[in-house]
Amino acid sequence: MNIPWLTRNVACASILLGAASLVAGNLLTLVNQPADDSFAATFALVADSPGMWLLAATLAIAGSILWLPGLLAAGGTALRRGRILTVLGSLLMSFGLAVGVGHFAMFFGIFGSAAHSGLPVPSAQTLLEAEDGYVLGTVLLVVFIAGLSVGMLLLALGMRMAKVVPVWVPVAALIFTVTDFMGGTAATLVGALALLAVFIPMALAVRAAGIPAPGLPAASSPEAQATPRTSVRGS
């Protein structure tokens, strides 16, 4: 039994759009990063370019939401081997992204509101440092990063164990996780390429596999095709 063609393609598009939104948001931040990496320079950039800041917020929030259906669908691509890792990874990453919506809303909303209000730089810096240290913001950030990183690694490993993605996918997931904790232009570009190397094959695997229903092998899978024949003489 296979999930219909339309559902498979929607799930595939969901994964591609989620990955593309994160890459686009990172590149947008990189392109607009001020030469002087101080708080005052960043605050001035946000105040002078509210449209750019709103676009970055939209990519972060909408991208996380768009990603969810495809990631949950990816949990069904492993029928036997790697199934536990695949399901666990898809759930962890989905949960991390759902929590990330709250994190992004707080970060972009407070920073943008402070810049729009015309607060002096010292006051705005005090406000945003307090937001960084507030327990709610800290918990949202930690859960988002942990869910994204650990969930991606488990999902990549599970799908590789099921042999539905190439061998480089778990390696690319590990590279993205490492670069995500690093700063600078090189790390951002390498991380963007690694992210695409992870999720383009995953999206294609979801589309090709048919996303079998829980407990039921896809019609095109080896398990489905290996049904023993009943002998006419013995029937």
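No hydrogens, no waters, no symmetry mates; every other heavy atom, side chains included, goes into these values.
When hydrophobic clusters are built by joining Ile, Leu, Val, Met, Phe, Trp and Tyr residues whose side-chain heavy atoms come closer than 4.5 Å, directly or via intermediates, Val198 is grouped together with Phe181. Hydrophobic clustering keeps Leu54 apart from Leu30 (ILVMFWY residues linked when any side-chain heavy atoms are closer than 4.5 Å, directly or through intermediates). Side-chain heavy atoms closer than 4.5 Å link hydrophobic residues (I, L, V, M, F, W, Y) into clusters, and following such links, possibly through other members, connects Val206 to Leu196. There is a path of hydrophobic side-chain contacts, each under 4.5 Å, that joins Phe104 to Trp53. Hydrophobic clustering (ILVMFWY, side-chain heavy atoms < 4.5 Å, transitive): Leu154 and Val171 are in distinct clusters.
Using a 4.5 Å cut-off on side-chain heavy atoms (C-beta onward), Leu27 and Leu189 make contact. Glu131 has its side chain out of reach of Leu127: every pair of non-hydrogen atoms, C-beta onward, lies at least 4.5 Å apart.
The OG atom of Ser94 sits 4.5 Å away from atom CG of Leu71, with the distance rounded to the nearest 0.5 Å. We find the CG-OG1 distance between Leu79 and Thr86 to be 10.0 Å, quoted to the nearest 0.5 Å. Distance OG1/Thr77 to CG/Leu155: 7.0 Å, rounded to 0.5 Å. From Ile65, atom CD1 reaches atom CG of Leu17 across 13.0 Å, with rounding to the nearest 0.5 Å. Taken from OH in Tyr134 to CE in Met106, the straight-line distance is 7.5 Å, to the nearest 0.5 Å. Rounded to the nearest 0.5 Å, atoms CG (Leu174) and CE (Met152) are 11.0 Å apart.
Sequence neighbours left out, not one pair with a member in residues 160-187 passes side-chain hydrogen bond (donor to acceptor under 3.5 Å, both in side chains).
In this structure, the side chain of Ser90 does not engage the main chain of Ala73 through any donor-acceptor pair within 3.5 Å. In terms of modelled atom types and a separation under 3.5 Å, the side chain of Ser49 and the main chain of Val46 share no donor-acceptor contact.
Applying the side chain to side chain contact (heavy atoms under 4.5 Å, CB included) rule to Phe39 yields the partners Phe43, Phe111, Val121, Ala124, Gln125, Leu128; only residues at least two apart in sequence or on another chain are considered.
In terms of heavy-atom proximity, Val23 sits nearest to Leu195 at CG2-CD2, 3.7 Å. Between Met52 and Leu28, the shortest heavy-atom contact is O-CD2, 3.9 Å. The shortest non-hydrogen separation linking Val99 to Leu140 is CG1-CD2, 3.5 Å. Gly63 approaches Ser21 most closely through the heavy-atom pair CA-OG, 3.0 Å. The shortest heavy-atom contact between Gly75 and Val87 is O-CG2, 3.2 Å. The two residues Leu68 and Ala98 make their nearest non-hydrogen contact at CD2-N, 4.4 Å.
Atom CD1 of Ile84 sits in a sparse spot, with 12 or fewer heavy atoms from other residues, nucleotides or ligands closer than 6.0 Å. Within a 6.0 Å radius of CZ in Phe95, other residues, nucleotides and ligands contribute 12 heavy atoms or fewer.
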Using side chain to side chain contact (heavy atoms under 4.5 Å, CB included), reason through Leu97 and Phe144 one step at a time and then give a plain yes or no. CA-CA 6 Å; Leu97 287 171; Phe144 164 66; 4.0 Å; yes
For a side chain to side chain contact (heavy atoms under 4.5 Å, CB included) check, start with the C-alpha distance between Ile15 and Trp67, then their side-chain angles and the critical distance, and finish with the verdict. CA-CA 5 Å; Ile15 294 175; Trp67 218 336; 4.2 Å; yes
Working note: Phe176 + Ser149, criterion side chain to side chain contact (heavy atoms under 4.5 Å, CB included); need CA distance, chi angles, decisive distance, verdict. CA-CA 8 Å; Phe176 172 79; Ser149 303; 5.7 Å; no
I would like to know whether Met202 and Val164 meet side chain to side chain contact (heavy atoms under 4.5 Å, CB included); could you show each step before the answer? CA-CA 8 Å; Met202 281 189 184; Val164 295; over 6 Å; no
